[in-house]
Trainee: 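Structure incoming, see below.
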Amino acid sequence: MNIDKNHVVRFHYSVAVVGQPSNESSFGGEPVTILTGHRNIIPGLEAAMMGRAKGDRFEVTVPSAEAYGAREEGRVQRVPKKHFGKQRLVPGGQAIVQTNAGARAVTVLKVGLSVVDVDLNHPMAGQDLHFDIEILDVREAAKEEVDHGHVHGEGGVEH
Ligand code: ZN
């Protein structure tokens, strides 16, 4: 079966900023499961998956505009420390903040006693990304999954 819109795809990936070593990979760990056509992953990677099938292994370079977009200056925000839970906060490092719109990856700029200055740009904003992808499984999505916009069952939302 070839990947098209409204398919459930299970895959392994590694990603690197172009010209740098990879620092994020699912190989050897839990694969990722997504529903295509519902913005579950960055548009450039989803486009590269279209037409592929189970067992395919490929590499693709995704320009920043098709990945996490341009880096915007002035997106620095002061956030109360409690929003970071027990995460270790190091200037220059990354952290996850819980916002009204869900979890969000940020870069820590400065750590104070009760507040933390963060850059809200996605850590990979403004970067061209190189992916190594292995398609493990492809199936058609159930109608309910299409309605919800996410995968149910293994690797997806249990509800
Ligand atoms: Zn659901």
Side-chain angles (χ1 to χ4, degrees), residues 1-72 75 83-90 92-108 118-159:
M1 182 180 298
N2 296 85
I3 299 172
D4 199 350
K5 217 178 144 201
N6 293 327
H7 279 57
V8 172
V9 182
R10 205 152 60 89
F11 63 97
H12 274 304
Y13 76 98
S14 69
V15 59
V17 171
V18 169
Q20 293 180 22
S22 171
N23 59 1
E24 188 183 325
S25 172
S26 73
F27 286 97
E30 273 297 298
V32 179
T33 308
I34 59 135
L35 172 63
T36 57
H38 294 264
R39 297 166 173 266
N40 286 186
I41 53 170
I42 58 169
L45 181 56
E46 182 166 301
M49 280 185 180
M50 289 294 144
R52 306 275 182 177
K54 177 178 178 170
D56 281 2
R57 177 116 188 214
F58 62 96
E59 298 184 28
V60 59
T61 297
V62 178
S64 63
E66 293 292 308
Y68 293 100
R71 174 167 291 275
E72 295 170 39
R75 297 191 71 198
H83 289 299
F84 294 90
K86 293 196 162 107
Q87 295 176 78
R88 195 165 148 260
L89 300 171
V90 183
Q94 289 168 22
I96 305 290
V97 190
Q98 300 300 332
T99 73
N100 294 337
R104 168 167 202 157
V106 299
T107 302
V108 175
V118 299
D119 184 342
L120 293 177
N121 283 295
H122 189 281
M124 287 180 173
Q127 310 269 27
D128 298 336
L129 304 179
H130 185 81
F131 287 90
D132 182 2
I133 301 291
E134 183 180 9
I135 306 294
L136 301 175
D137 211 359
V138 182
R139 67 170 168 85
E140 272 181 51
K143 183 182 178 299
E144 199 185 39
E145 290 174 313
V146 174
D147 289 346
H148 288 201
H150 56 226
V151 177
H152 290 162
E154 195 192 346
V157 179
E158 308 276 357
H159 67 159

Trainee: Going by the rule side-chain hydrogen bond (donor to acceptor under 3.5 Å, both in side chains), which residues pair with Asn121 if we only count those two or more places apart in sequence or in a different chain?
Mentor: Asp119
Trainee: Does some side-chain heavy atom of Arg10 sit less than 4.5 Å from a side-chain heavy atom of Val8?
Mentor: no
Trainee: Kindly write out the residues that satisfy side-chain hydrogen bond (donor to acceptor under 3.5 Å, both in side chains) with Ser26, not counting sequence neighbours, or none if the list is empty.
Mentor: His12
Trainee: State, to 0.1 Å, how close Ser22 and Ala16 come at their nearest heavy-atom pair, and which atoms those are.
Mentor: CA-CB, 3.5 Å
Trainee: Quick check against the 3.5 Å criterion: does Gln87 have a side-chain atom that pairs as donor or acceptor with the backbone of Ile96?
Mentor: yes
Trainee: State, yes or no, whether a side-chain contact exists between Asp4 and Thr36 at a heavy-atom distance under 4.5 Å.
Mentor: no
Trainee: Can you list the residues that meet the salt bridge (charged side-chain N to carboxylate O under 4.0 Å, His left out) rule with Glu145, with sequence neighbours excluded?
Mentor: Arg139
Trainee: Look only at the side chain of Asn40 and the backbone of Gly149, and say whether a donor-acceptor pair between them is shorter than 3.5 Å.
Mentor: yes
Trainee: Does Ser64 offer a backbone N or O that forms a donor-acceptor pair with the side chain of Asp128 under 3.5 Å?
Mentor: yes
Trainee: Are the side chains of His130 and Glu59 in touch, meaning some heavy atoms are under 4.5 Å apart?
Mentor: yes
Trainee: Is there a side-chain contact between Val15 and Met124 (heavy atoms, below 4.5 Å)?
Mentor: yes
Trainee: Just wondering, do Phe84 and Val97 contact through their side chains at under 4.5 Å, heavy atoms?
Mentor: yes
Trainee: Under the side-chain hydrogen bond (donor to acceptor under 3.5 Å, both in side chains) test, which residues partner Asp137, sequence neighbours left out?
Mentor: none
Trainee: For the side chain of Gln20 and the backbone of Val17, is there at least one donor-acceptor N/O pair under 3.5 Å apart?
Mentor: no
Trainee: Not counting sequence neighbours, which residues clear salt bridge (charged side-chain N to carboxylate O under 4.0 Å, His left out) with Arg104? List them please.
Mentor: none
Trainee: Would you mind reporting whether Phe131 and Ile41 have side-chain heavy atoms less than 4.5 Å apart?
Mentor: no
Trainee: Does Glu144 have any side-chain hydrogen bond (donor to acceptor under 3.5 Å, both in side chains) partners at least two apart in sequence or in another chain, and if so, which?
Mentor: His152
Trainee: Nearest 0.5 Å, what's the CZ-CG distance between Phe11 and Leu45?
Mentor: 5.5 Å
